[in-house]
Every structure is written in structure tokens, then in C-alpha cells.
Amino acid sequence: MTSTISPAAQAAGSLSTRVHPAWVVLGAVSVIFHLGLIFYGLTPAMISRPIHMALLLPWVLVFAARTPWQRTSGWGLTLLGVAACAYVALNESSLANQYGFIDTPWQMAIGVFLIGLALETARRAIGWPLPLVALVALLYGLLGEYVPGQFGHQGIPTGSFIGTLTITEGGLWGKLTGVSVGVVAIFVIFGAVLNAGEAGRGFMNLASAVAGRLTGGAAKVSVISSALMGSISGSASANVASTGAITIPGMVRLGYPRSLAGGVEAVASSGGQIMPPLMGAGAFVMVELTGTPYTQIMAAAMLPAMLYFATVWVGINAFATRHDLRPMAASEQPSAKEVLITSLFFAVPFVVLLERIFVGGLTPQYAASLAIFVGVALLLFDVTLRFSLSGFAERLAEALVIAGKQVATIGAIIICASLVIGVLGMTGLGVKITSGILSLSGDLLWPALLLTALACLVLGMEVPTTAAYVICVSVAGPALTELGLSPLLAHLFVFWYALLSTITPPVCGGVFIAAGMVGENWLKVALKAMALGIGLYLIPLAMVANPDVIRLAFDPAWALFDASKIAVGLGAISYGVIARRAAWLRGLLILAGAVVIFVV
């Protein structure tokens with residue numbers, strides 16, 4: 001049987017055609033469970049969230065194992081973890097009556113094991129940094145009473161500390177885990193279904209048709225396709241791997257400098273995490289933390305995201321003054337018929353999703369569930385619209401494995417981050433850090449913004465964007481709102497700056513992947529990416545200086561006015577930074593752009 005897996009799915013590292021069918025079955029169980037919660041909707045949190053953790057364990061601990069020891073230990077930890085999660089779920093009613101206090105050695109052993117398991121699962125999923133942050137938080141919770149000065153706390157009984165984190169909704173099973181279970185998982189499944197079909201090819205074909213004939217066409221195809229792909233993947237690394245597998249060789253073949261080809265893809269793919277609707281799971285966490293409806297967050301994030309990609313577009317034009325950035329050859333561009341057919345594979349599910357949210361009035365997760373069924377139906381057809389049951393079986397297996405793996409990875413991150421949030425809530429450390437930020441900034445907004453941006457950059461180098469956003473906004477968000485920012489603007493500011501590390505040295509994941517794919521020194525790629533992605537550094541500050549830009553849902557005229565003003569300023573700054581022009585002219589452009597954004 002010939003493979004019908006899309007290039008995007010192949011680049012994302014899917015293994016469903018080479019793994020044991022048991023993994024396809026496990027992926028199906030995960031998908032059915034999470035979709036079932038949407039339609040059933042009455043499952044208590046202390047049942048659904050432990051089951052969610054139990055389902056992610058084999059994917060992280062066994063499926064991703066690289067050595068025999070990891071596989072053997074992974075099976076052991078998985079079996080014990082499933083049993084521990086089952087204990088919590090089966091005893092949900094009686095545990096609720098304990099009000100977060102562990103009163104038997106058996107429960108203490110289970111609680112300690114679950115915390116250790118959450119740390120180990122996150123470590124295997126994404127490495128040491130996030131588990132180390134969580135471990136430091138846990139040690140502070142246990143030993144903080146011995147810390148002198150204002151950053152100490154009065155002490156928490158061990159039984160209450162462990163119990164709050166493991167048998168109530170205050171730690172492992174907190175509201176962030178609820179977002180992972182009830183919303184993030186659904187949109188991850190939605191993206192997996194689209195990626196397993198021909199949506200990725202549809203994105204590339206549409207981008208080629210729109211921008212392929214322009215100067216720098218191959219680079220602009222990367223920008224558009226990455227924006228579209230990022231709207232469902234929400235992962236910079238996955239975006240680089242999928243669209244970059246096609247766009248980077250195309251740019252190199254047309255004579256683009258390798259560092260520029262890698263930089264374009266890294267910066268364009270990083271924008272996927274700020275592009276609605278998914279935003280790297282950040283949109284759904286923002287819903288929970290701010291109480292803002294999902295549709296309003298989508299509207300607030302839309303213009304800044306478009307400004308980001310528009311700035312990259314201007315940067316490509318500026319690089320055209322230094323290099324011969326040729327358009328794509330006519331022979332490499334898809335026909336109008338091919339563009340139309342392949343676009344249906346993402347357009348139809350997206351239309352269903354948006355129509356059900358904005359017209360039907362359904363919740364985002366319910367609308368996404370309906371769009372998933374439409375996407376599954378489209379798996380019956382290949383790129384020529386030929387009906388194929390054998391192809392459907394292979395594509396569906398691909399989708400189930402991708403969904404199971406990605407739901408597990410994000411779930412492991414969020415559950416570990418939930419430990420940090422739980423400790424901050426119990427100890428009051430978040431309030432103390434907020435007071436420290438206010439004191440250090442002299443109760444002035446802009447110094448507080450710069451301190452927060454620095455903290456986001458440093459933390460984002462160590463943990464994934466969503467986790468960095470959650471931790472930073474928990475401690476810095478209250479300080480920013482106290483200094484006058486609206487809660488949503490404060491959250492968007494922190495979320496954008498948590499993304500800085502994807503293109504900023506020394507830890508720049510998107511750049512490393514792109515540099516490896518293009519075969520160029522990573523630092524050269526990073527410098528090009530930072531120049532192209534200058535909007536990532538300036539747009540959050542521009543949002544603060546022009547707050548109406550996020551009010552598209554309430555005041556579209558002023559939102560568009562502010563967006564236009566920011567666009568002019570960013571365009572001048574981008575051109576001044578990149579274009580090969582006289583130094584005085586470049587300096588004048590940069591100064592004029594800054595004045596337009598922050599003064600006018």
C-alpha cells in the first residue's frame with residue numbers, strides 16, 4: 001500500500017505507519033475519551049482529569065522511549081501511574097470530604113508518587129528545565145517557613161500540602177489541567193485530523209498562488225503557509241518541521257542565502273503560536289485565567305498577529321535590496337484547480353468551526369468537535385478527491401497517533417506547570433513577587449513592563465511557551481494590572497514575550513531546527529530571524545502604547561486605526577534595520593517608526 005500521509009504529517013514526525021496497532025488503538029481511546037467529555041459534559045473534574053493523566057503516561061513514558069531502560073522503566077511507571085490515577089478517580093467522593101488533608105500513610109504514598117510522576121513525565125517529554133522549576137517550587141512550599149524575610153511563609157503541614165496538590169483541584173488537577181482536558185485536547189485532535197489529510201498541502205498551494213510570483217516569493221510563501229499552519233498546530237517546532245520541509249529547499253534552490261532561508265522559516269513558524277485560533281494552547285489558558293470569552297480573545301489577538309506577519313513581509317522586501325530574492329518559477333506553482341481542491345481540506349472544517357462559534361453560538365470546544373467529524377469525513381478522499389477506504393484507514397491511523405502523542409505532550413507540560421501554580425497559591429509567593437516587581441519598578445508601568453519582558457525571556461529559554469506564560473503571568477500579571485493595564489492586555493503582553501526565546505539566542509528552538517534543516521550556522525540564522533522578527537520585540541510594547549488595537553470586537557474603527565499606525569511604524573523600523581541604504585536614512589527610518597508607534 002502506498003503512503004497517503006501528507007508532507008506536513010510526515011515532517012511532524014508521525015510514526016503511525018511504523019508502530020504497533022496497539023498505539024493506534026490507544027490513540028483512538030484518547031480521542032474518544034476527550035470527545036466524549038464534550039458531548040457528555042457531566043464528568044466530575046476529579047474523575048476526568050486523573051483519567052487524562054493516565055492516558056498520557058504511555059505516550060510519554062513508553063512510546064517516546066529511546067533506550068531499553070527507558071522503555072522498561074516507562075512501562076513500570078505507567079502501570080503504577082494508571083493505578084494511582086484510578087485510585088483518585090474511583091474515590092473522588094470520599095476524597096472530597098477530606099478537604100485536601102491526607103490522613104493515611106497509603107494516601108501520602110500515592111500523593112508523593114503522583115507528584116514525582118508528574119515531574120518525571122514532564123522531564124521525559126521536554127527535558128529538565130520545567131520539572132526543575134516545579135521542584136524548586138515544591139521545596140519552597142515544604143521548607144519556605146525557614147526562609148528569612150518577606151519571602152518566607154508561615155509553614156504548611158505536609159499532609160495538607162501534599163493533599164491540596166493531589167486529592168483536590170488545587171494542584172495536579174487544577175483549572176489548567178481542566179483546560180488541557182476539555183479544550184486544548186480537542187483543538188489538538190482537530191489539528192491532527194487536518195494534518196493527516198491534505199490540509200498541509202492546501203496551505204502550501206494557497207500560499208504559492210497568493211505570493212509565489214512576487215519578489216521574494218518563496219520566502220513569502222513560507223510566511224503565509226506558516227501563518228495558516230500555525231493557526232492549527234500552535235507549535236513553532238512542529239511548524240518549522242512541517243512547512244520548512246518544503247519552503248526551505250525551495251528558497252535554497254532559488255539562490256536565497258541559507259541563513260536567510262532558515263531565518264525566514266524560523267520567524268514565520270514562531271508566529272503560529274500567536275495566530276488565532278489555537279495560539280499554542282495559550283488562548284484557552286487565557287480564557288480560564290482572565291474569564292474573557294474565547295471569541296473575544298481571538299478578536300484581540302488577530303490584529304497584533306497580522307501585524308507580526310506583515311512586519312516579516314516588509315523585512316523580506318527589505319532583504320530584497322541586499323539579495324536577489326527571485327519569485328517562484330511558474331512551473332513550480334500549482335494550478336488554480338489544484339489550489340481550489342486542496343484548499344477544501346482545510347477551508348471546509350474551518351468554515352464549520354467558525355460558523356458554529358460565531359453564528360451557532362456554540363462553545364469553541366463543541367464547535368471544534370463538529371469540525372473534527374467533518375475533517376474525518378474528508379480523510380475519505382485523497383488530493384484528487386478520489387474516494388479510498390484503504391487510504392482513509394491509513395490517514396485515520398495517522399491522525400490518531402498524532403493526536404495521542406500531542407495531547408500527551410501538552411498534557412504533561414500543563415500538569416507539571418499546575419504544580420507550580422498550586423504552590424504559588426498556597427504560599428502566597430506570587431503576591432510577594434508581584435510586590436517585588438512593583439517596588440523594583442518604582443510603581444512605574446514601563447520599567448515594570450521591561451522587568452516582566454526580561455523575566456519572560458529568561459523563563460522562556462528554559463520551559464515551553466505556554467508554561468512560561470502561565471508561570472510569568474501568575475507572578476507578574478497582577479503587578480501589571482495594578483499599574484493600569486487591563487487583564488487581557490497584561491496576559492497578551494506576557495504571552496508574546498514568553499515566545500521570544502524561539503528566535504532569541506542562546507536558546508532558540510525554532511532557529512536550531514531551521515538551521516539544521518538548511519545546513520547553516522545557527523547564530524547566522526538567529527541574526528536573520530531576529531531582524532525579520534523585530535515585531536515580536538516591539539508589538540507587545542506597541543499594544544500597551546496603543547491599547548485600542550486589541551479592541552477589535554468592541555471598537556473596530558479605532559482598533560484598525562491603531563493597527564494602521566503601528567503597521568507604518570513597524571514597516572519603517574523593519575526597513576531601516578534590514579535594507580541596504582545609507583546609514584543616516586536607516587537611522588531616520590528607525591527613529592520615525594518609533595515616534596509613530598509610541599508618541600503620535
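Heads up: numbering here begins at 1 and tracks the sequence.
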Side-chain donor-acceptor pair present, Thr342, Glu198, cut-off under 3.5 Å | no
Taking C-beta and beyond as the side chain, do Val544 and Leu445 meet within less than 4.5 Å on heavy atoms?
-> yes
CG/Leu451 to CG/Leu480 distance, rounded to the nearest 0.5 angstrom?
-> 10.0 Å
If you measure from CD on Glu355 to CG on Leu362, what distance do you get to the nearest 0.5 Å?
-> 8.0 Å
Closest non-hydrogen atoms of Val312 and Val223, given as atom of the first, atom of the second and distance, are CG1-CG2, 3.7 Å
Tell me, with the steps shown, if Leu552 and Trp558 meet side-chain contact (heavy atoms from CB on, under 4.5 Å).
-> CA-CA 8 Å; Leu552 183 63; Trp558 277 107; over 6 Å; no
What's the shortest heavy-atom distance between Val525 and Gly263, and which atoms?
-> CG1-N, 3.5 Å
Does any N or O in the side chain of Tyr497 come within less than 3.5 Å of the main-chain N or O of Tyr537, such that one atom is a donor and the other an acceptor?
-> yes
Any donor-acceptor pair under 3.5 Å from Thr311 side chain to Leu307 backbone | yes
Any donor-acceptor pair under 3.5 Å linking the side chain of Ser501 with the backbone of Thr504?
-> no
Mark yes or no for whether Arg581, through its side chain, and Arg586, through its backbone, hold a donor-acceptor pair below 3.5 Å.
-> no
Does some side-chain heavy atom of Phe598 sit less than 4.5 Å from a side-chain heavy atom of Leu541?
-> yes
Would you check if the side chain of Ser574 reaches a backbone N or O of Gly571 as a donor-acceptor pair within less than 3.5 Å?
-> no
Nearest heavy-atom neighbours spanning Pro293 and Val287 | C-CG2, 4.4 Å
For residues Phe187 and Pro364, determine if any side-chain heavy atom of one lies less than 4.5 Å from a side-chain heavy atom of the other.
-> yes
Answer with yes or no whether the side chains of Glu265 and Ser269 bring together a donor and an acceptor at under 3.5 Å.
-> yes
Nearest-0.5 Å distance, CG of residue Leu536 to CD of residue Gln273 = 10.0 Å
So salt bridge (Lys or Arg N to Asp or Glu O under 4.0 Å) across residues 534-560, not counting sequence neighbours, yields Asp548-Arg551
If you draw a 6.0 Å radius around CZ in Arg213, do more than 12 non-hydrogen atoms from other residues or ligands fall strictly inside?
-> no
Ile372/Ile186 under side-chain contact (heavy atoms from CB on, under 4.5 Å): CA gap, chis, key distance, verdict = CA-CA 9 Å; Ile372 288 170; Ile186 301 303; 4.0 Å; yes
Starting at NZ of Lys432, measure out to CD1 of Ile437 and round the result to the nearest 0.5 Å.
-> 15.0 Å
Is there a donor-acceptor contact under 3.5 Å linking the side chains of Glu520 and Ser259?
-> no
Does Tyr469 use its side chain to pair, donor to acceptor, with the backbone of His491 at less than 3.5 Å?
-> no
In this structure, CZ of Arg258 is separated from NZ of Lys524 (nearest 0.5 Å) by 11.5 Å
Any donor-acceptor pair under 3.5 Å from Ser180 side chain to Ile414 backbone | no
Rounded to the nearest 0.5 Å, how far apart are CD1 of Ile534 and OH of Tyr575?
-> 15.0 Å
Nearest heavy-atom contact between Ile224 and Ala211 is CD1-CB, 3.8 Å
